[in-house]
Amino acid sequence: MNQSREQRTGNEMAEPLTFDREALSSGTVVQLSPLVRRIVAGNGGPMTFTGTCSYIIGHGKVAIIDPGPDDPAHVASLLAAVAGESVEQIVITHTHRDHSPASRAIKAATGAAIVGCSPHRPARELALGEINPLDAAADRDYAPDLVMGDGDAVSGQGWSLRAVETPGHTANHLAFALDEEETLFSGDHVMAWSTSIVAPPDGSMVAYMASIEKLRGADHRLYWPGHGGPVREPQRFLRGLVQHRRQREAAILNRLRAGDETISAMVPMIYLDLAPALHGAASLSVLAQLEDLVARGIVLCDDALPALASRYQLA
């Protein structure tokens, strides 16, 4: 377990942001609560931790949340786990290729409806000459039978899943509240093992922070995320996430004061302990924060829209 303690500013108390990096085994069905089972896909990596968490909700007539990547072994594990039961809905939080592609195979095997988020879309249009570096991560073949919006619900025997719109990580991201257990399936919006990547043009820092504030107004006792183990103190963790983003913003402003004008110059100085292989992802996170700073008039950009190759300065 790694810990990062960062001091709050403003009127709120300081909160530690503590990450839980306990490894989860893939391919095994684990009963997490009376209504929730989990199987972790075998797609672990730098961006997916130990793999995508697929959740089975209920007994008898069930739903599967985020069936994961197009991986026959994981699909077989999910189908074996629900043998003798009826899969009513396949529920999707967002359309990254580690979450939604297996929905087609599960639907073909069970006849269940694919419900949840809308088809993939960017949070904003591409700037002139900009190439989307995350294009390959998007599941463009995702085709839901029912698009759910804020407050929409699906239900089964003794359970219901209520959609909570949480854009930011992607423009179409949904979380799902299981009110019977006072829990939230938070997808990639909030995870205990790491902060969520917010990468333009698919993601938006403004939307992400608004979604964090939205969850701060709710009262779930536990989050089940798309990767890694549960977030056990959601409100405390959310406060830590807000402070983490404020610290990142302050670091960017400090680099601009020091004379850095490009994202490529800032990233090695801000992410001192980050492996060079992850600098690309970190650059997109810095871009997301610079988009917000430019929109707020705190930072100036030499292009009409902020981009990875743009030059920046303090206003």
Donor-acceptor contact present, side-chain [X] to main-chain [Y], <3.5 Å:
{"X": "Y55", "Y": "P225", "result": "yes"}
{"X": "D145", "Y": "A113", "result": "no"}
{"X": "R121", "Y": "A171", "result": "yes"}
{"X": "Q31", "Y": "S33", "result": "yes"}
{"X": "H227", "Y": "G51", "result": "yes"}
{"X": "E261", "Y": "Q313", "result": "no"}
{"X": "S86", "Y": "E88", "result": "no"}

Please test F19 against W193 for ring-ring contact (aromatic ring centres under 6.0 Å, His included), starting from the C-alpha separation and ending with a verdict. CA-CA 5 Å; F19 295 120; W193 80 279; 8.4 Å; no
All salt bridge (Lys or Arg N to Asp or Glu O under 4.0 Å) counterparts of [X], not counting sequence neighbours:
{"X": "D260", "result": "R255"}
{"X": "E85", "result": "R37"}
{"X": "D150", "result": "K214"}

Excluding sequence neighbours, so at least two apart, what forms ring-ring contact (aromatic ring centres under 6.0 Å, His included) with Y312?
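With neighbours one apart ignored, the set is empty.
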Go through the steps to decide whether S211 and E213 satisfy the test side chain to side chain donor-acceptor pair (under 3.5 Å), and finish with yes or no.
CA-CA 5 Å; S211 294; E213 290 302 321; over 6 Å; no
Applying ring pair (Phe, Tyr, Trp, His ring centres under 6.0 Å), which residue pairs with at least one partner in residues 134-177 are found, sequence neighbours left out?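 Matches after skipping sequence neighbours: H94-H169, H94-H173, H96-H169.
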Membership question, hydrophobic clusters at under 4.5 Å side-chain separation (ILVMFWY): are [Y] and [X] in the same one?
{"X": "V206", "Y": "V299", "answer": "no"}
{"X": "V30", "Y": "V82", "answer": "no"}
{"X": "L215", "Y": "W224", "answer": "no"}

Requested in this report: Could you give me the CA-CA distance, side-chain angles and deciding distance for H189 and Y208, then say whether ring-ring contact (aromatic ring centres under 6.0 Å, His included) is met?
Outcome: CA-CA 8 Å; H189 181 56; Y208 171 83; 5.2 Å; yes
- T93/D66 under side chain to side chain donor-acceptor pair (under 3.5 Å): CA gap, chis, key distance, verdict: CA-CA 7 Å; T93 62; D66 284 354; 2.7 Å; yes
[Y] versus [X], side-chain donor and acceptor atoms under 3.5 Å:
{"X": "S204", "Y": "E291", "value": "no"}
{"X": "R97", "Y": "S100", "value": "no"}
{"X": "T95", "Y": "N172", "value": "yes"}

Exercise for review: For the pair D139 and H99, evaluate side chain to side chain donor-acceptor pair (under 3.5 Å) and give the outcome as yes or no after the intermediate values.
Suggested key: CA-CA 9 Å; D139 179 10; H99 286 260; over 6 Å; no
First locate atom CG of D219, then atom CG of L184, and finally report the distance between them rounded to the nearest 0.5 Å.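 It comes to 11.5 Å.
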| message | Could you walk me through whether V242 and I212 satisfy the side chain to side chain contact (heavy atoms under 4.5 Å, CB included) test, starting with their C-alpha distance in whole Å, then the side-chain angles of each, then the deciding distance to 0.1 Å, before giving a yes or no? | response | CA-CA 8 Å; V242 171; I212 291 291; 3.7 Å; yes
For this session: Apply side chain to side chain donor-acceptor pair (under 3.5 Å) to the pair D303 and S310, showing each step before the final yes or no.
Result: CA-CA 6 Å; D303 292 317; S310 299; 2.6 Å; yes
Test side chain to side chain contact (heavy atoms under 4.5 Å, CB included) applied to I252 and L293, step by step:
CA-CA 10 Å; I252 290 169; L293 288 165; 4.1 Å; yes
Under the side-chain contact (heavy atoms from CB on, under 4.5 Å) test, which residues partner A41, sequence neighbours left out?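 Once residues adjacent in sequence are excluded, the partners of A41 under the side-chain contact (heavy atoms from CB on, under 4.5 Å) criterion are N43, T52, P69, H74.
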Practice prompt. Might you work through the salt bridge (Lys or Arg N to Asp or Glu O under 4.0 Å) test for R162 and D152, ending with a clear yes or no?
Written response: CA-CA 6 Å; R162 177 173 48 84; D152 291 342; over 6 Å; no
